[in-house]
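To start, the structure under review is shown below, and the notes come after it.
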2 protein chains.
Amino acid sequence: MASMKDVAKQAGVSISTVSRYINGTVYVEPETKRKIEKAIEETRFQPNYIAQGLRNKKTQIIGLVVPESLSASFTDFVRYIALITEQNGYELIIRYVKDDPEVEKAVMLKLLRYQIDGIIFIRVSDKSQVEELAKKFDRPIVCMMRGNINEKIPSVVLNNYKVGEIVANLLVRFHHTKIVCITGNQNVAVSRERLSGFIDNLAKNDIVLPKENIFEGHFTYESGIDAIDYFISQNIDFTAVWGSNDLMAIGAMNRLQQYNLSVPKDVSVVGVDNTAIAHMLNPPLTTIAQPIEEMCKAAVELLLSLINPIQGTTIVDRIVFEPSIVLRGTLLPIKTNEEMMI
Amino acid sequence: MASMKDVAKQAGVSISTVSRYINGTVYVEPETKRKIEKAIEETRFQPNYIAQGLRNKKTQIIGLVVPESLSASFTDFVRYIALITEQNGYELIIRYVKDDPEVEKAVMLKLLRYQIDGIIFIRVSDKSQVEELAKKFDRPIVCMMRGNINEKIPSVVLNNYKVGEIVANLLVRFHHTKIVCITGNQNVAVSRERLSGFIDNLAKNDIVLPKENIFEGHFTYESGIDAIDYFISQNIDFTAVWGSNDLMAIGAMNRLQQYNLSVPKDVSVVGVDNTAIAHMLNPPLTTIAQPIEEMCKAAVELLLSLINPIQGTTIVDRIVFEPSIVLRGTLLPIKTNEEMMI
DNA sequence: GTGAAAGCGCTAACAA
DNA sequence: TTGTTAGCGCTTTCAC
């Protein structure tokens with residue numbers, strides 16, 4: 001690998017002139033320019049980012065920390081973030097971590113030693129103390145997917161309350177009244193917000209969701225299965241299941257079919273996430289989508305704007321995205337009495 | 001961020017002594033040791049990897065280049081590689097790239113500027129000229145998933161011929177004779193190898209696979225759908241479909257059901273990959289699994305052994321892993337005449 | 001407009 | 001065993 005020294009020698013100029021030419025910091029004579037260009041060509045010189053990083057204290061690298069357990073839901077996030085990072089001329093160091101504040105802290109410290117310019121955290125757990133971490137870390141941090149707990153940290157999030165609201169209104173519009181719900185861990189703000197949105201908006205339509213109709217799962221396929229087993233064992237009568245992520249909805253759907261209940265004829269199913277699998281199911285899953293690409297773009301750009309602040313710009317530090325509905329085959333309206341008459 | 005200088009001052013020793021203590025290169029007096037330890041504690045010193053990298057020309061970072069198009073199949077690979085990389089004390093820079101040799105070259109050059117210690121390429125396309133790239137790149141490269149084309153490059157691969165062989169023998173054992181097959185792009189060695197293994201081993205059992213019974217897809221869900229449309233439009237009679245990846249098999253499965261053909265009663269379906277989705281389908285998909293975690297481990301360790309060669313060790317540079325079968329609900333034996341009599 | 005020189009944080013050869 | 005020094009490749013004052 002040729003260095004600036006080589007280029008300088010080849011071009012018969014000083015190293016600093018080469019540097020200035022490369023960075024366009026000051027005007028260089030056209031002749032010198034030409035000589036340097038030629039020398040760069042000949043030596044196939046490429047600036048060394050590590051040396052630049054040491055000098056500038058900016059490495060053009062950002063870190064992405066993803067919870068190991070939820071990797072299935074976040075694959076698209078990883079890809080988009082990688083793509084957008086790259087489009088902005090940065091590289092991305094990725095880390096999958098356990099849901100453990102100590103581990104998170106260790107990872108941050110390690111990444112700090114690489115002098116990375118900032119970190120995107122994908123976090124749902126309430127446990128991680130991102131705000132506290134951010135204080136120790138003297139570089140920008142952006143948090144994604146985090147529920148609205150009392151932390152002041154630049155964030156990109158989904159309107160999780162709205163998720164529940166949309167599903168509730170949808171089921172109401174389709175005349176469902178006997179409803180069960182599979183939530184995620186209630187010690188996680190995201191889950192709580194989704195559930196409140198759901199309960200509140202059912203209530204607005206005079207539907208009360210009994211405690212027994214709520215099953216607390218762990219966002220896994222197996223939770224969906226367990227939930228149905230539970231509802232059936234409790235002799236709960238229902239025509240609609242909402243799983244607060246796709247995985248649980250899919251588990252539920254398959255279990256229902258094993259009980260010889262048809263989806264959607266006997267029971268409608270709705271998920272959340274619009275994972276790649278959702279449309280491949282039979283019937284394809286009705287679900288709530290989040291604008292993943294836009295969210296990733298927002299997160300990367302937010303982070304970069306924190307890394308390279310532009311004068312006179314005020315930075316919004318909590319960007320909320322709205323969920324949208326994806327109607328597919330697992331949802332059917334309940335026939336009302338009137339319709340039944342026809 | 002405290003530097004060695006700070007530690008040295010605090011401890012009243014020279015910078016090099018601190019360095020030597022940190023790296024354990026030579027013996028240091030217990031007293032000095034203690035002073036340094038205390039100073040490190042107080043300053044919260046952490047060695048700067050960028051400075052070390054500049055000096056040592058090793059950054060403790062490796063790169064992972066993944067084809068953008070196939071991201072769905074490779075999510076597990078990314079996660080395992082990240083995990084294993086981390087266990088070995090390295091960081092991982094990830095890049096998703098288009099299937100285009102020019103882009104690949106550009107990415108390599110860019111990563112080279114970061115002085116990364118090596119690259120793992122996940123490549124299936126024949127187009128990418130990894131061997132040529134490796135020559136320009138003066139650091140180790142390990143290639144994964146690549147078909148056996150005439151390139152000398154350290155690789156970790158699946159025995160793709162064996163994949164076809166296993167499926168062929170399985171179908172034969174289950175008395176299927178009317179078989180159709182959805183292959184991946186035939187300009188890709190991986191696809192060709194899988195297909196040869198399949199055809200050869202059917203032939204060994206006196207089953208010829210007519211050209212019309214082979215549909216060339218692109219490893220996508222849609223290809224599976226198209227394939228079934230094609231077979232049906234051609235009035236081809238079949239009791240088993242092999243899709244050379246899960247996505248295509250799933251597409252086929254769903255399309256069959258839309259034609260009111262039952263899987264597996266009317267038609268058996270077999271995939272390849274054992275993706276996370278496979279067991280969530282109804283019925284769950286019979287498929288061929290590759291030992292992903294082991295393969296990732298092998299790839300990372302192979303790369304690291306190239307980065308840090310150990311004297312007297314010879315490095316195997318093509319590691320082949322064997323596929324295995326995952327029997328699930330989409331495969332049923334054909335009743336033989338004898339059995340029909342009973 | 002360009003060059004010389006110092007320094008980012010670290011390691012390693014050379015002395016002592 | 002420890003300190004001094006040079007240098008990895010780059011940027012940026014400070015002269016001229």
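So you know, we letter chains A, B, ... as the sequences are listed, proteins then strands, and number each from 1. Keep in mind that the numbers below use all heavy atoms, side chains included, and drop hydrogens, waters and symmetry copies.
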Whole-Å distance separating the [atom1] atom of [X] from the [atom2] atom of [N]:
X	N	atom1	atom2	value
A:Met1	D:dG9	CE	P	9 Å
B:Asn23	C:dA12	CG	P	7 Å
B:Tyr21	D:dT1	OH	P	16 Å
A:Ile50	C:dG9	CD1	P	15 Å
B:Tyr27	D:dT2	OH	P	8 Å
B:Met4	C:dA12	CE	C1'	12 Å
B:Asn56	D:dG9	CG	C1'	14 Å
A:Gln115	C:dC8	CD	P	13 Å

Give the nucleotide from the list [options] with an atom nearest to the side chain of [X].
X	options	result
A:Ile15	D:dT11, C:dC10, C:dT11	D:dT11
B:Glu29	D:dC10, D:dT13, D:dT1	D:dT1
B:Asn48	D:dT2, C:dG9, C:dA12	C:dG9
B:Ser16	C:dA12, C:dG9, D:dC10	C:dA12
B:Val13	C:dC10, D:dT2, D:dG3	D:dG3
A:Ser19	C:dG3, D:dT12, C:dC10	D:dT12

Walk me through it: do B:Tyr49 and A:Gln115 pass the test side-chain contact (heavy atoms from CB on, under 4.5 Å)?
CA-CA 8 Å; B:Tyr49 278 127; A:Gln115 313 296 112; over 6 Å; no

Is it the case that C:dG3 (base atoms only) and A:Arg20 (side chain only) share a donor and an acceptor within less than 3.5 Å, ignoring hydrogens and angles?
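Looking at the base of C:dG3, it does pair with a donor or acceptor on the side chain of A:Arg20 (distance under 3.5 Å).
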
Under 4.0 Å between a side-chain N/O of [X] and OP1 or OP2 of [N], yes or no?
X	N	result
B:Lys57	D:dG9	yes
A:Gln52	D:dG9	no
A:Ser14	C:dG3	yes
A:Lys5	D:dG7	no

B:Tyr114 side-chain N/O to B:Thr59 backbone N/O, donor-acceptor pair under 3.5 Å
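Between the backbone of B:Thr59 and the side chain of B:Tyr114 there is no qualifying donor-acceptor contact (under 3.5 Å).
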
With a non-hydrogen cut-off below 4.0 angstrom, is B:Tyr49 in contact with a base, only sugar-phosphate, or nothing?
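Answer is nothing: B:Tyr49 stays at 4.0 Å or more from every strand.
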
Out of B:Asp100, B:Val97, B:Ile122, B:Asp99, which one pairs with B:Pro67 under the side-chain contact (heavy atoms from CB on, under 4.5 Å) rule?
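So, applying the side-chain contact (heavy atoms from CB on, under 4.5 Å) to B:Pro67 and each of B:Asp100, B:Val97, B:Ile122, B:Asp99, only B:Ile122 qualifies.
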
Should the pair A:Asp76-A:Arg79 be classified as a salt bridge under the 4.0 Å nitrogen-to-oxygen rule?
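Result for this pair is yes, salt bridge flagged.
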
Pairing of B:Glu132 and B:Lys105 as salt bridge, 4.0 angstrom limit
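Between B:Lys105 and B:Glu132 there is no salt bridge, as every charged N stays at least 4.0 Å from the carboxylate O atoms.
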
Which residue lies toward the 5' end of DNA chain C, B:Leu54 or B:Thr25, if each is placed at its nearest nucleotide?
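Looking at DNA chain C, the more 5' nearest nucleotide goes with B:Leu54.
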
If you count every heavy atom of other residues, nucleotides or ligands that lies below 6.0 Å from A:Glu41 atom CD, does the total exceed 12?
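For A:Glu41, atom CD is not crowded (no more than 12 foreign heavy atoms under 6.0 Å).
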
